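A short write-up of the structure that comes next.
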Number of protein chains: 2
Amino acid sequence: MAPRKRVSHSLENVVEATIDLLDESGEGALTFRALATRLGGGVGSIYWYVSSREELLDRATDEVMGRVLAETDALVDGPDPIGNVRAVSLAMFEEMVRRPWLGNYLMRNTSVQTNSIRIFERLGQQLMTLDLSPKQRFHAVSSIISYVVGVAVDMAQPPPREFFESGLEPAEFMKAFADGWRAFDADEFPFIHQIVDEFERHDDVDVFRSGLDMLLAGLRQQAGA
Amino acid sequence: MAPRKRVSHSLENVVEATIDLLDESGEGALTFRALATRLGGGVGSIYWYVSSREELLDRATDEVMGRVLAETDALVDGPDPIGNVRAVSLAMFEEMVRRPWLGNYLMRNTSVQTNSIRIFERLGQQLMTLDLSPKQRFHAVSSIISYVVGVAVDMAQPPPREFFESGLEPAEFMKAFADGWRAFDADEFPFIHQIVDEFERHDDVDVFRSGLDMLLAGLRQQAGA
DNA sequence: GCGGATTATCGAACAGTGTTCTATTGTTTC
DNA sequence: GAAACAATAGAACACTGTTCGATAATCCGC
């Protein structure tokens, strides 16, 4: 059999390679040329399966959200609906910590991203047993998702270039950064001084969980439970 | 006097023109060439004042945040600290609705963006009279800011291209979009069906305010007030 | 088996981007 | 006035997403 002169792709292949590229080297590394090289083919071929870079990212996002959906299937049967919402939110957030590129493209093009709607539905269903108006439910789910995605996007931001230039360990750089805060005038920035120690040793997930619990406490209160 | 053959710039000019360009045509329109044209000069000159596009956006963001800071000066003297936090958050959010480009670059490079730290400080000071640990305060302020920015970024996303292609009025397009949701299977998507009417006529600021109040209710509860 | 139509692959070419570089102009300083 | 310096200007570079036409592989009716 003569060796193939051409590679053969598929939408699954392309999306898979896209996700791998994003996972390994971040969003900046996702170029059509890099993707083509990884697939062993030419640049133009990708456009057969996908009509733009944006669609590429949408499809990758939707695929990952599908997996999140599958993984959170079991988290939704607990007795406390708000607890279930909390569990799903945490799982979502953790996925976005693992994949810093994810947050930026979530909740974008809902016509392609079917699985985002399913997450929305899943969270909303939990609130259907609570004593809330449809409007309150809609607001609550929207806010929770915005919070989850917002914090994840915030925290996914790559460290400033000064970090790479310094060659410091993360903890050392954090210390240096906190010291910069400590150098602020104590009278003008009393709050900064009060929390700078917490800031220096904080864990992103803790902060996220803390805010999520505030949000859910407010929701619980609203539901009169 | 012979006419000048060259334009004369300044950092203030450059940042000003940057903000104007961003306000008028969004982030995509901010190119060095467009900016140079607007300033009436050459591309290279901009690099005399600024070392990258990122710094340009940082400076523009910081400038706008300075104005927000000034405008919220009077919002912070009310008797209820959490009410004050609410007022400042709302003002921030409204600024980000006016300037959809703002959110994406907020809380990025804090070494340049001095005014972002000042906002952080301002919100934090309000919590200093409440019965909370420094860690709780730090978490609370971080979460609130993440929420504000997160929701703003979500809502600042430009409408899908289908909107422009359709030529519909915003309300009409919203109706068409909602109808898409209504077409989903009612058994599989009960929540979607329950809130689709709210979704169709919802106001972004209402949703934001609702979530903010949930968050602040949780905070109030945490402070034992 | 054959031939035409369809599907898919490929890479050169295009327009646009941020950034670098060097020549040039204007201004200051002595 | 002349040398030193501060600013301006735009051509050139490397890189990007996207378009396009040429080509290869496959399929389908005969």
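All figures in this text were calculated on a predicted structure; none of them were measured in a lab. Quick note: numbers below take in every heavy atom, side chains included, and nothing from hydrogens, waters or symmetry partners. Per chain, numbering begins at 1; letters A, B, ... match sequence-line order.
- Listed pair B:Ser8 / D:dT8 meets the phosphate criterion, a side-chain N or O lying under 4.0 Å from OP1 or OP2.
- Closest to the A:Phe32 side chain, of the nucleotides C:dT19, D:dA9, D:dT18, is D:dT18.
- Both A:Gly44 and A:Thr31 sit near DNA chain D, but only A:Thr31 has its closest nucleotide nearer the 5' end.
- Remark: A:Asp23 CG to A:Thr18 OG1 distance equals 10.5 Å, nearest 0.5 Å.
- Within 4.0 Å (heavy atoms only), A:Leu39 reaches no atom of the nucleic acid at all.
- Put simply, B:Ser45 has no side-chain N or O that comes within less than 4.0 Å of OP1 or OP2 on D:dA7.
- The aromatic rings of B:Tyr147 and B:Phe208 lie parallel to each other, their planes meeting at an angle below 30°, with 60° marking the opposite boundary.
- Interface remark: the B:Arg33 side chain does not form any donor-acceptor pair with the C:dG16 base, using a distance-only criterion of under 3.5 Å.
- Nucleotide C:dT19 holds its P atom 10 Å from the CG atom of B:Leu57, rounded to whole Å.
- Not one side-chain nitrogen or oxygen of A:Tyr47 sits closer than 4.0 Å to the OP1 or OP2 atom of C:dA8.
- In this model, the phosphate group of C:dA8 is approached by a side-chain N or O of A:Trp48 to a distance below 4.0 Å at OP1 or OP2.
- Checked against C:dG18, D:dT8, D:dG17, the side chain of B:Arg53 finds its nearest nucleotide in C:dG18.
- Remark: P of D:dA24 and NE2 of A:His9 are 16 Å apart, rounded to the nearest angstrom.
- Under a 3.5 Å cut-off, the side chain of A:Arg137 and the backbone N or O of A:Leu127 do form a donor-acceptor pair.
- The backbone N or O of A:Ser51 sits less than 3.5 Å from a side-chain atom of A:Glu55, completing a donor-acceptor pair.
- Following rounding to the nearest Å, B:Tyr49 (OH) and D:dT8 (C1') show an atom-to-atom distance of 9 Å.
- The distance between atom CG of B:Leu21 and atom P of C:dG18, rounded to the nearest whole Å, is 11 Å.
- The distance between atom CD1 of A:Ile46 and atom P of D:dG17, rounded to the nearest whole Å, is 9 Å.
- Here the side chain of B:Arg99 pairs no donor or acceptor atom with the backbone of B:Leu22 at under 3.5 angstrom.
- Spacing between atom CD of B:Glu27 and atom C1' of C:dT17 amounts to 13 Å, rounded to whole angstrom units.
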